[in-house]
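Below is one structure, written out as structure tokens; the observations come after it.
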Amino acid sequence: HVQLVESGGGLVQAGDSRRLACAASGSTFSTWVWGWFLQVPGKERDFVAAIRWSNDETYYADGVKGRFAISRDSIKNTVYLSMSSLRPEDTAVYYCAADTHCYGSGCYESISEYDYWGRGTRVTVSS
């Protein structure tokens with residue numbers, strides 16, 4: 001069984017930076033795609049960023065491209081989401097997820113494609 005645990009959330013001021021981490025335990029494989037999603041109260045979960053572990057290819061939502069960066073550490077088996085120039089509208093619970101079979105077009109941004117999820121970490125950006 002695979003477990004994902006997010007960390008790094010908290011209260012920050014607008015313009016600040018923060019790095020979220022997703023530590024994976026269990027049997028994971030280099031063929032998987034890893035993603036970050038966000039969710040605010042009363043809204044559906046939205047795609048933020050993803051990384052294909054095998055070749056380090058990354059994908060980003062339009063609203064975060066240039067400000068957020070997803071990366072991985074193979075030794076620590078951890079995926080990171082580095083956030084900069086944070087805005088109040090970035091306030092949300094951020095979830096880490098793993099997709100074991102990401103083959104179709106845009107599969108990395110589809111919630112239904114992901115097989116494992118963490119419990120989330122809350123990021124609050126004050127003005």
Side-chain angles (χ1 to χ4, degrees):
H1 180 68
V2 174
Q3 293 184 344
L4 308 178
V5 180
E6 302 97 334
S7 63
L11 177 63
V12 299
Q13 294 185 15
D16 284 357
S17 298
R18 183 64 69 100
R19 187 176 73 168
L20 307 182
C22 173
S25 61
S27 299
T28 62
F29 301 89
S30 62
T31 55
W32 293 8
V33 166
W34 300 80
W36 285 97
F37 293 78
L38 64 79
Q39 188 167 30
V40 299
K43 302 292 184 179
E44 64 185 51
R45 197 166 296 184
D46 290 324
F47 169 75
V48 176
I51 184 169
R52 191 174 294 276
W53 196 280
S54 61
N55 61 3
D56 209 34
E57 184 175 0
T58 58
Y59 314 90
Y60 295 96
D62 290 341
V64 303
K65 189 175 181 64
R67 296 192 301 121
F68 291 8
I70 188 170
S71 60
R72 59 169 170 82
D73 186 322
S74 296
I75 297 176
K76 295 182 178 180
N77 207 31
T78 298
V79 177
Y80 300 96
L81 182 68
S82 297
M83 305 181 292
S84 63
S85 301
L86 284 165
R87 308 163 180 170
E89 52 262 43
D90 295 322
T91 296
V93 175
Y94 287 77
Y95 296 89
C96 174
D99 186 347
T100 62
H101 295 82
C102 187
Y103 303 128
S105 178
C107 59
Y108 52 85
E109 63 183 1
S110 178
I111 295 175
S112 63
E113 290 289 331
Y114 284 78
D115 304 286
Y116 301 101
W117 292 86
R119 293 193 296 176
T121 184
R122 181 179 297 275
V123 175
T124 302
V125 184
S126 65
S127 60

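Sequential numbering from 1 along the given sequence is applied to the chain's residues. Everything numeric here is computed off the predicted structure, so don't read it as measured data.
In terms of heavy-atom proximity, Ala92 sits nearest to Leu38 at CB-CB, 3.9 Å. Across all their heavy atoms, Asp56 and Ile51 have their closest contact at OD1-CD1, 3.0 Å. A pairwise comparison of heavy atoms in Ala98 and Leu4 identifies N-CD1, 3.9 Å as the closest pair. Residue Ala14 comes nearest to Ser127 through the heavy atom pair CB-CA, 4.5 Å, listed as atom of the first residue, atom of the second, then distance. When every heavy atom of Val2 is checked against every heavy atom of Ser27, the shortest pair comes out as CG2-O, 3.4 Å.
The CD1 atom of Ile111 lies 7.0 Å from the CG atom of Asp46; values are rounded to the nearest 0.5 Å. Expressed to the nearest 0.5 Å, how far CZ of Phe47 lies from CG of Asp62 amounts to 10.0 Å. Atoms CZ and CG, on Arg67 and Asp90 in that order, are 4.0 Å from each other to the nearest 0.5 Å. Separating the CZ atom in Arg72 from the OG1 atom in Thr78 is a distance of 12.0 Å, to the nearest 0.5 Å. With rounding to the nearest 0.5 Å, the separation of OG1 in Thr31 from CZ in Arg52 is 9.0 Å. Of the inter-residue distances, the one linking Arg19 atom CZ with Met83 atom CE reads 11.5 Å to the nearest 0.5 angstrom.
The environment of Glu89 atom CD is dense: over 12 non-hydrogen atoms of other residues, nucleotides or ligands sit within 6.0 angstrom.
Side chains of Ser85 and Arg87: a donor-acceptor N/O pair is absent below 3.5 angstrom, by distance only.
Hydrophobic clustering, with ILVMFWY side chains joined whenever heavy atoms are under 4.5 angstrom apart, keeps Tyr80 apart from Trp34. In the hydrophobic cluster analysis, where Ile, Leu, Val, Met, Phe, Trp and Tyr join through side-chain heavy atoms closer than 4.5 angstrom, Leu86 is grouped together with Val48. Grouping the Ile, Leu, Val, Met, Phe, Trp and Tyr side chains by contacts below 4.5 angstrom, directly or via other members, places Val33 apart from Val64.
Side-chain contact check for Trp117 versus Arg45: some heavy-atom pair is nearer than 4.5 Å. Trp53 has its side chain out of reach of Thr28: every pair of non-hydrogen atoms, C-beta onward, lies at least 4.5 Å apart. Two residues are said to be in side-chain contact when any heavy atoms from C-beta on lie closer than 4.5 Å; Ile70 and Val79 meet this criterion.
Two rings, from Tyr114 and Phe37, have their centers less than 6.0 Å apart.
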Please evaluate residues Trp36 and Cys96 with respect to the criterion side-chain contact (heavy atoms from CB on, under 4.5 Å), reporting the C-alpha separation (whole Å), side-chain torsions for both, the decisive distance (0.1 Å), and the verdict. CA-CA 5 Å; Trp36 285 97; Cys96 174; 4.1 Å; yes

side-chain contact (heavy atoms from CB on, under 4.5 Å), that's the test. Do Tyr95 and Leu20 meet it? Break it down for me. CA-CA 10 Å; Tyr95 296 89; Leu20 307 182; over 6 Å; no

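For Arg18 (side chain) and Gly9 (main-chain N/O), a donor-acceptor pair under 3.5 Å exists by modelled atom type. Without hydrogens or angle criteria, Asn77 side chain to Ala24 main chain gives a donor-acceptor distance under 3.5 Å. Distance alone, capped at 3.5 Å, places no donor-acceptor pair between the Glu6 side chain and the Cys22 backbone.
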Side-chain atoms of residues 101-110: list all donor-acceptor pairs with protein atoms under 3.5 Å, sequence neighbours left out, distances to 0.1 Å.
{"unit_1": "Ser110", "atom_1": "OG", "unit_2": "Ser112", "atom_2": "OG", "d": "3.0"}

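Under the rule for a side chain to side chain contact (heavy atoms under 4.5 Å, CB included), the partners of Thr100 that lie at least two apart in sequence or sit in another chain are Trp32, Asp115, Tyr116.
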